Amino acid sequence: MKKSPLQIARSWYLPKTPAAFQGNIVLAEGAATESVADRQAIKALFPNTYGLPLIEFQAGAAPAHNPVSVGVILSGGQAPGGHNVIAGLFDGLKRLNPANKLYGFLGGPSGLVDHKYVELTKEVVDEFRNTGGFDIIGSGRTKLEDPAQFDRGIEICQTLGINAIVIIGGDDSNTNACILAEYYKQKACNIQVIGCPKTIDGDLKNSFIETSFGFDTACKVYSEMIGNIQRDANSAKKYWHFIRLMGRSASHITLECALLSHPNICIISEEVEAKNMTLYDIVESIVQVIVTRADAGINFGTILIPEGLIEFIPAMKRLIAELNDLLANNSDFMTMPTDDEKRQYIKGLLSPECCQVFRSLPKGIARQLTLDRDPHGNVQVSLIETEKLLIEMVAKRLAQLKAEGIYKGKFASIAHFFGYEGRCAIPSNFDADYCYSLGYTTAVLIDGGKTGYMASVRNLTAPASEWIAGGVPITMMMNMERRHGQLKPVIQKALVNLNGEPFKYLETNRKEWANNEINYVYPGPIQYFGPREVCDMPTCTLLLEHNQNI
Ligand code: FBP
């Protein structure tokens with residue numbers, strides 16, 4: 001296979017790791033923990049894995065390292081650095097005991113159920129060090145929720161002598177990890193389960209998981225493209241660019257990209273919800289900036305739109321919740337042959353308030369809201385073209401204002417959606433280091449006999465040698481939420497905190513960014529070699545959350 005010069009150069013990169021990894025590690029246990037909410041319900045559902053202590057790695061005398069075999073699963077959407085988690089896990093296991101073995105389950109959680117696996121040897125792992133993508137073993141979105149699936153997992157683990165399963169995934173996949181850990185503990189079948197915090201969305205975080213891996217690289221890739229578009233806009237001076245950014249529900253990606261590139265407008269879903277804004281309020285706020293700039297003779301600009309926006313507009317949120325319940329396992333709906341029949345059927349079942357909202361939407365967008373949910377019951381927001389909806393509504397409003405003599409500018413727009421472009425990028429130094437450290441941490445937790453934990457590496461704004469590694473009980477992050485029409489235990493998603501420093505920074509600066517094109521910032525492409533401030537900086541979000549300057 002031909003490799004690019006950068007790929008070859010990156011294959012030699014040695015990830016930077018916490019100093020604790022240099023010597024022998026002991027697992028220091030803290031006090032018992034509680035879940036973030038719904039404590040009684042979570043405790044009842046996880047009697048064997050609830051309340052476990054926090055774990056921090058410290059230097060100490062070497063315990064005996066019994067040989068173990070581990071199976072690893074990549075779950076959900078791709079995120080840069082997944083291969084380095086596997087490399088760190090492999091190196092950690094081999095260092096603890098050269099007899100340790102690592103297997104990879106193929107194609108995501110279904111590999112465990114269908115018994116599709118490969119042994120990950122040094123030769124295989126070496127090919128993928130510091131590369132983007134999940135292609136070493138592939139990924140998938142199968143939800144592990146049925147005891148029959150768990151039992152299939154036991155069969156293959158017993159066949160291969162696997163003592164531990166590692167699930168590298170987002171909030172839903174780590175919820176699966178927790179359910180699996182509880183089941184295996186209850187069955188006393190000696191299979192540990194450890195999770196690893198992955199997702200470009202950045203919404204799997206709390207005081208012990210400072211960020212999910214992949215967020216840094218993905219945001220840097222999108223910001224490079226936003227910067228390039230801004231330079232094009234400022235050169236040609238004729239287009240408004242509506243840029244939708246991935247991130248599912250939370251607006252962390254959009255916010256981080258705004259902090260890096262200073263667009264004219266940045267919409268944050270969580271703010272829209274807090275201010276109880278309607279779709280028309282959002283359109284008005286965009287139109288206001290366009291008209292003001294046009295008055296100054298500027299007929300171009302950039303607007304960042306989070307992909308989950310639609311779900312945060314309160315009236316739309318109620319509509320989506322009703323649709324979720326109506327469409328959950330609804331075979332009548334699924335087998336209807338035409339879109340028109342489906343539309344009529346839905347209109348007949350919705351409440352009057354939601355039906356009115358549904359009817360007010362352009363047909364294409366309304367249809368997109370009824371498309372299949374993902375296996376976890378989420379609306380597939382990446383399929384909803386919110387940027388086009390906003391363009392249509394903004395153009396209509398500007399035409400009205402023009403007729404009234406209020407708007408004198410010219411409006412030409414271009415729609416963009418950045419998502420898949422960033423998910424398999426070559427990981428930044430930050431993600432390469434962080435992921436390798438997470439993988440190594442996972443190996444140590446397994447060696448220590450732990451189950452029901454997520455690997456945690458903290459103090460991430462400091463140099464890697466000062467990072468603090470350990471484990472967080474997954475039940476600690478859980479609460480009860482409605483999914484597929486039923487209350488389920490899930491890891492609580494971290495949305496943008498409107499009182500947090502990253503959002504406050506946007507709030508302070510957005511007026512200036514709206515009116516002036518000279519404020520654009522052009523971040524340029526990710527750099528892998530060179531000075532620290534160019535190559536090793538974590539996200540602005542992390543820096544601001546740690547009260548540091550950006
Ligand atoms: P994860 O939560 O699994 O990490 O997925 C992230 C994500 O990239 C979202 O930002 C996006 O909405 C979704 O996956 C797209 O899903 P798919 O890859 O199935 O199209």
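No experiment lies behind these values; they were computed from the predicted model shown. Start at 1 and go down the list; that is how both ligands and their atoms are numbered.
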Checklist line | Donor on one side chain, acceptor on other, Asp232 and Gln230, under 3.5 Å | finding: no
Notebook entry, point to check: Any side-chain heavy atom of Leu180 sitting closer than 4.5 Å to one from Asn176?
Noted result: no
Notebook entry, point to check: Can you tell if the side chain of Ile303 reaches within under 4.5 Å of the side chain of Pro263, non-hydrogen atoms only?
Noted result: no
Under 4.0 Å from a heavy atom of [X]: which atoms of ligand 1 are those, numbered in the order shown and with their elements?
X	result
Tyr420	15 (C), 17 (P), 18 (O), 20 (O)
Gly247	10 (O)
Thr199	1 (P), 2 (O), 4 (O)
Gly76	3 (O)

Notebook entry, point to check: Counting distance only, does the side-chain N/O of Asn174 pair as donor-acceptor with the main-chain N or O of Pro197 below 3.5 Å?
Noted result: no
Check: Taking the six-membered ring for Trp, are Phe417 and Tyr420 parallel (under 30°), tilted (30 to 60°) or perpendicular (over 60°)?
Finding: perpendicular
Check: Could Lys275 and Glu271 be called an ion pair, given the rule that one side-chain N must be under 4.0 Å from one carboxylate O?
Finding: yes
Check: Is there at least one pair of N or O atoms, one from Lys198 and one from ligand 1, spaced under 3.5 Å apart?
Finding: yes
Check: Looking only at heavy atoms, is any part of Asp201 under 4.0 Å from ligand 1, and if so is it the side chain, the backbone, or both, or is it neither?
Finding: side chain
Notebook entry, point to check: In the protein, what heavy atom is nearest to atom 2 (O) of ligand 1, and what distance, to one decimal place, separates them?
Noted result: Arg248 NH2, 3.3 Å
Margin query: Students should be able to answer this: which protein heavy-atom is nearest to atom 7 (C) of ligand 1, and at what distance?
Written below: Arg423 NH1, 3.6 Å
Next item on the list: Tell me which one of Glu307, Arg141, Met246 gets a heavy atom nearest to atom 17 (P) of ligand 1.
Entry: Arg141
Next item on the list: Apply the ring-ring contact (aromatic ring centres under 6.0 Å, His included) test between His262 and each candidate in Tyr520, Trp513, Tyr522; give the one that qualifies.
Entry: Trp513
